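Whatever order the structure lists them in is the order used to number ligands and atoms, beginning at 1. Just so it is clear, the structure is predicted and the values come from calculations on it, not from any experiment.
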Amino acid sequence: MTSDAAQPFPADAPASAALLERARAVVPGGVNSPVRAYGSVGGTPRFIARGEGPYVVDADGRRYVDLVCSWGPMILGHGHPQVREAVAGAAAEGFSFGMPTEREVLLAEEIVSRVEPVERVRLVSSGTEATMSAIRLARGYTGRSVVVKFAGCYHGHVDALLASAGSGVATFGLPDSPGVPASAAAETIVLPYNDLAAVERAFAERGSEIAAVITEAAPGNMGVVPPAPGFTEGLRRITAEHGALLVSDEVMTGFRASAAGWLGLEGVPASGAPDLFTFGKVMGGGFPAAAFGGRADVMAMLAPEGPVYQAGTLSGNPVAAAAGLATLRACTPEVYARLDVVADALTAAVTESFGRHGIAHRVQRVGSMFSVFFREGEVRDYDDARQQDAERFGRFFHAMLRRGVHLPPSCYEVWFVSAAHDDAAVEATVRAIEESAAEIA
Ligand SMILES: *Cc1c(COP(=O)(O)O)cnc(C)c1O
């Protein structure tokens, strides 16, 4: 069966359901990351047997156009030959040494050469580790403890950054999750995104305590919400005035929004570049590799050069570094051009089909990163993003799934495309969008 099948797939997925039952007996909720459980859309999460270019094949042998792409990393699609070769070659030489290797140098050089303000970089194993380490470094460098983040921005599951409740004026963060001590969240100020006045007020009140502002370079974790013109520049100006650092989280946008991430699209703000950047997803090529980096004098605070401790048994793992390096090297201008073509086709299809069937929607996009909000009108912050018809999205998700297209199972996520999404995959998706829109209208 393929996505070209005339008949939609049945609604149930017996092999995935059986695996889920077994998984639940030994893994909380049966999944190793919560959003995989289809919590907000219902139904049986598909267990994936393998990936092929733009497709994933589930345990029942059904093939789907993959618009999850591992939540971003698979920018080249599944099983890209150059990446496979690099991984096999690295693995043949050993899996891990706990001693430095040339591959780490090559990957660090690749990152530094692409993102101009990044002078030094340290490799870690996940985006969470990257933001956690960047925050520790910012606190160590400034000798201050308070961190400002924005509601709706996700920076991994770092205690201090899980606080995202609150809107309006400077809200003292409350923990979003049990297990995050109030003391950790108390050091976090959560502000509404795209609201420079709120940032000014927070700094007027507590500027001398604030170590850093961390922001998604262009948020993708509340759906795509681009920074308003002047927002990044304003953040840089305000933080600099108060001696705080600006941390630009490019874990999702890095090497995806453009070859140099969001920075490559927006350029270095007139007020100056962010001090620190975090990367992950694409730069690991599907393996656990991530990084944080930035100004040489700030990075020099890290052990062993400086006193801020940060370490990792598997940091810079040679197989992961090989996958990341091969992926970045294969991300040619043609690859980014293809991502744009795919994003153009899918956003046009949504606009046309949803328009035709009278479905309230809003498409927002940065580079080839886009998401579809099930509401009308511009989405500028998390409060806007939450005014969506999530129930309707759930019906759309399942209509697409039965037609062989696997969207991210949440209305707050980017629809991730890859350069392997060829015309056949795009056409199948466009057809599914039209039919699914008709179904949910
Ligand atoms: C995915 C993501 C993270 C967390 O990365 P993990 O590898 O899942 O820990 C952090 N920040 C942003 C912007 C992300 O999209």
Under a 3.5 Å threshold, yes or no: a donor from one side chain and an acceptor from the other, between [X] and [Y]?
| X | Y | value |
| --- | --- | --- |
| His406 | Asp66 | no |
| Arg46 | Tyr64 | yes |
| Arg329 | Gln82 | no |
| Asp58 | Ser16 | no |
| Tyr55 | Arg50 | no |
| Arg236 | Thr239 | yes |

Tell me: protein heavy atom nearest [atom], and distance?
| atom | result |
| --- | --- |
| atom 2 (C) of ligand 1 | Lys281 NZ, 2.6 Å |
| atom 5 (O) of ligand 1 | Gly127 CA, 3.2 Å |
| atom 11 (N) of ligand 1 | Asp249 OD2, 2.7 Å |
| atom 3 (C) of ligand 1 | Val251 CG1, 3.7 Å |

Report the part of His155 in contact with ligand 1, treating N, CA, C, O as backbone and CB onward as side chain, heavy atoms under 4.0 Å; options are side chain, backbone, both, neither.
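Within the 4.0 Å criterion, His155 contacts ligand 1 through backbone atoms alone.
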Checking heavy atoms under 4.0 Å, the part of Asn221 that sits near ligand 1 is side chain
Please check if a non-hydrogen protein atom sits closer than 4.0 Å to atom 9 (O) of ligand 1.
yes
For His361 and Phe354, take the angle between the two ring planes, folded into 0 to 90°, and tell me which bin it lands in: parallel under 30, tilted 30 to 60, perpendicular over 60.
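Rings of His361 and Phe354: perpendicular, over 60°.
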Does the N or O separation between Thr128 and ligand 1 drop below 3.5 Å for any pair?
yes
Where ligand 1 meets Glu216 - atom numbers and elements under 4.0 angstrom, heavy-atom basis
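In order of numbering, the contacting atoms are 13 (C).
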Closest to atom 4 (C) of ligand 1 (judged by heavy-atom distance), picking from Gly156, Ser126, Gly254
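Heavy atom nearest to atom 4 (C) of ligand 1 belongs to Gly156.
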